[in-house]
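Reading through the structure tokens given below for one structure.
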Amino acid sequence: MSWNWDYAGEILPPLLAGLRTALLATVAGFLLALLLGAGFAALGSSRHRGVRVPAVLLVEVVRRTPLLVLLFLFYFGLPGLGLPGLGLPVDPLAAGILGLGLHYAAYTGDVWRSGSPRHGIPALCASLAALFSDIPQLVAIDVAEPLFVAREQMAQSYRIVEAITIAGLLYVLTALLLNWLRRVIERRYGPAPDDSGALDGHPDAEQDQHAAGDPVHHAAYRLGGEQPADAADREREQAPPHHRDAEEDRGQHG
Amino acid sequence: VSSVHLGLAGYGLLQTVLLTLGGLMLGVAFAVAAGLARLCAHLVVRAVAFCYVELCRAAPVLVLALWFIFALPAIGVRLDQLFAGTLALALHVSGYTADIVRDAVVATRPEPGANIGPARRMLRYTGPRIAAAMVEPFAGRLLDLLKSSALVSVAAIAELTLSGQLILGGNDRTIAVFCGLLAGYVLLGVCLSAGLRRLVRLVGGRPVPSLLDRVRAAAR
């Protein structure tokens with residue numbers, strides 16, 4: 001099957017509309033993640049153990065759960081609970097935003113706790129870019145994002161390559177743009193901090209710092225076991241992360 | 001819960017483990033190649049490697065998997081579905097781990113005056129040290145990979161999440177199935193991180209706190 005440019009031009013507008021839905025879900029999901037993350041951070045540092053432990057456990061479990069499972073839970077699971085008002089099928093986009101919000105709240109919570117814009121902004125940018133790269137999964141719950149549009153187009157025309165390739169390219173190009181913006185912001189504020197998501201391989205927070213800034217210096221500092229890395233580690237062990245951030249900020253601004 | 005359900009769940013669990021480990025091994029191979037290519041003396045090789053890494057990072061796993069499974073056969077290339085899923089995971093993970101490899105090679109400096117290329121340096125000179133420097137960042141990647149493996153269920157590969165959906169199709173106990181899925185992933189994750197923490201400690205790194213560590217710290 002060869003590439004048909006006329007057909008590709010025909011399906012571009014609906015696919016772009018899908019991209020708009022994808023961006024809407026990204027922004028709404030991210031805002032919800034910020035709100036929920038603030039809640040998790042507050043509960044996780046509560047004075048009462050009975051509040052603190054369940055909050056921390058919830059965050060840790062959510063971090064170990066694939067986003068897709070959360071999406072299914074909100075889309076298929078909520079009506080199954082049989083609660084009043086939830087019996088109807090949930091709107092796919094709403095379920096998607098809920099799932100994204102809950103999943104990323106488990107990561108943005110740490111950013112609130114660190115309370116430092118120098119570390120916070122790059123970490124939030126990393127979360128936002130990671131969230132966007134998870135948007136294609138919404139196709140599984142029938143949100144009208146580009147892959148879903150592509151599936152509809154394929155079903156109508158029986159042409160496969162154009163729709164799925166353009167949908168994929170839309171995602172890749174947008175992600176490249178987001179990554180570039182992120183790098184610009186990281187150049188201004190420094191790379192995302194170690195402890196924001198390093199724990200369990202949050203999509204970006206840990207490894208991306210290698211890509212930012214001066215790679216040679218940075219890598220040697222982190223990995224080589226040379227003097228600076230040891231010193232930094234010792235310092236890190238002495239002060240809990242949020243204290244350290246607060247001190248650094250005071251030093252910078254005051 | 002019938003034996004059919006248990007069988008499905010077990011099959012899904014096995015496929016999830018296969019996808020994760022397969023994706024990891026293939027991904028590490030790609031990452032070593034790309035990471036060394038990024039240190040190559042030739043500008044063209046470096047540029048190609050840079051583009052490879054950027055594209056692998058920008059392309060979502062699901063987009064890659066769907067493209068391999070649907071678009072490739074349409075242009076005449078047929079891949080086994082499980083392999084297509086593994087390949088998508090491997091490309092995705094290699095985009096991130098290529099820089100881990102590169103940084104580890106850069107961080108282990110050769111003797112002054114030793115003028116040898118990155119590949120030979122890695123193989124002969126500082127291999128074990130580079131491996132040690134890579135274990136810690138890799139550990140984080142592997143857990144991410146475990147979660148990403150759920151995506152291929154959308155492309156109809158019968159791993160854990162899809163098994164859950166199939167079981168779900170057969171009865172109305174939605175919540176029970178989701179609790180089972182959550183338990184499956186958390187259990188796999190806990191096993192995986194236990195092994196990884198041991199490995200990180202073996203090479204003298206600082207393992208990240210486990211789920212239990214975190215909860216225990218909160219209870220204090």
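Each chain gets a letter, A, B and so on, in the order the sequences are listed, and its residues count up from 1. Values reported hereafter were calculated over all heavy atoms of this structure, with side chains retained and with hydrogens, waters and symmetry mates removed.
- Chain B forms the most heavy-atom pairs under 4.5 Å with one residue out of A:L67, A:V53, A:V59, and that residue is A:V53.
- Chain A forms more heavy-atom pairs under 4.5 Å with one residue of B:A71, B:G76, B:P73, B:P60 than with any other, namely B:P60.
- Among the candidates A:G168, A:A163, A:P136, the residue making the largest number of heavy-atom pairs closer than 4.5 Å to chain B is A:P136.
- Of the atoms belonging to A:L147, it is side-chain heavy atoms, and not backbone ones, that fall under 4.5 Å from chain B.
- Here the CD1 atom belonging to A:I135 is positioned 12.0 Å from the CG atom belonging to B:L62, to the nearest 0.5 angstrom.
- Options A:I164, A:L169, A:L178 differ in how many heavy-atom pairs under 4.5 Å they form with chain B, and the most are formed by A:I164.
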